[in-house]
Amino acid sequence: MVGESEPIDFTFFYFIGITRLNLTEKRVGRMTFKLFNKLYQHYKDVFDLEMRLKARDMTYRELYKKSQQEDEWF
């Protein structure tokens, strides 16, 4: 029918919480949606940073040194 929404499939939240955030099923189930989204956003940010470092064959130490050199310009 028009106007009826489908039920929410929570398996995505459990999948990400358990496999990517290393949480227990119980912890994911009791977590608020807001907290889950914040944790997941942090995970994605770190993942993106690590993929960029890997693509450039850099370490965190090299990234830190580069950021310090860029700060010297100011």
Side-chain angles (χ1 to χ4, degrees):
M1 286 188 128
V2 176
E4 287 187 30
S5 61
E6 293 189 27
I8 299 172
D9 182 8
F10 288 99
T11 58
F12 171 77
F13 300 103
Y14 281 98
F15 172 76
I16 295 298
I18 294 168
T19 62
R20 299 294 185 232
L21 302 176
N22 202 28
L23 301 170
T24 63
E25 183 178 348
K26 184 177 181 179
R27 180 68 178 117
V28 175
R30 293 182 176 195
M31 190 175 296
T32 64
F33 186 66
K34 184 175 182 178
L35 176 59
F36 177 88
N37 279 333
K38 285 183 177 183
L39 290 173
Y40 187 45
Q41 185 60 52
H42 289 300
Y43 167 79
K44 291 187 296 183
D45 293 344
V46 169
F47 181 83
D48 290 344
L49 173 62
E50 289 176 346
M51 289 297 105
R52 283 183 295 206
L53 289 173
K54 185 176 180 179
R56 294 181 179 131
D57 197 29
M58 289 180 70
T59 63
Y60 279 102
R61 179 172 291 167
E62 292 167 338
L63 177 65
Y64 177 77
K65 287 179 182 178
K66 185 177 179 180
S67 70
Q68 293 300 312
Q69 290 172 352
E70 292 174 359
D71 284 345
E72 290 176 4
W73 287 96
F74 290 110

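Note that the structure is predicted; figures quoted are calculated from it, not measured. Residue indices begin at 1 and follow the sequence shown. All values below come from the heavy atoms of this structure, side chains included, with hydrogens, waters and symmetry mates left out.
For Asp48, the CG atom sits in a packed shell: over 12 heavy atoms of surrounding residues, nucleotides or ligands are nearer than 6.0 Å.
The ring of Phe13 has its center closer than 6.0 angstrom to the ring center of Phe33.
The distance from atom NZ of Lys54 to atom CZ of Arg52, rounded to the nearest 0.5 Å, is 15.0 Å. Between Gln68 atom CD and Tyr64 atom OH the span is 3.5 Å, to the nearest 0.5 Å. In this structure, NZ on Lys38 lies 12.5 Å from CE on Met31, to the nearest 0.5 angstrom.
Both Phe15 and Leu35 are members of a single hydrophobic cluster when ILVMFWY side chains are connected at heavy-atom separations under 4.5 Å. Tyr43 and Ile16 fall within a single hydrophobic cluster, where Ile, Leu, Val, Met, Phe, Trp and Tyr side chains are chained together by heavy-atom contacts under 4.5 Å. A chain of hydrophobic side-chain contacts below 4.5 Å, direct or via other Ile, Leu, Val, Met, Phe, Trp or Tyr residues, connects Phe47 to Leu23. Hydrophobic clustering of Ile, Leu, Val, Met, Phe, Trp and Tyr side chains at less than 4.5 Å, counting indirect connections, unites Tyr14 with Phe12. One hydrophobic cluster holds both Met51 and Leu21 under the rule that ILVMFWY side chains link at heavy-atom gaps under 4.5 Å.
Checking Asp45 against Gln41 by side-chain atom types alone, a donor-acceptor pair falls below 3.5 Å.
Between Val28 and Phe10 there is no side-chain heavy-atom pair separated by less than 4.5 Å.
Between Thr24 and Ile18, the shortest heavy-atom contact is C-CG1, 4.4 Å. Between Asp57 and Glu62, the closest heavy-atom pair is O-OE1, 3.8 Å. Closest approach of Thr59 and Leu53 over heavy atoms only: O-CD2, 4.1 Å.
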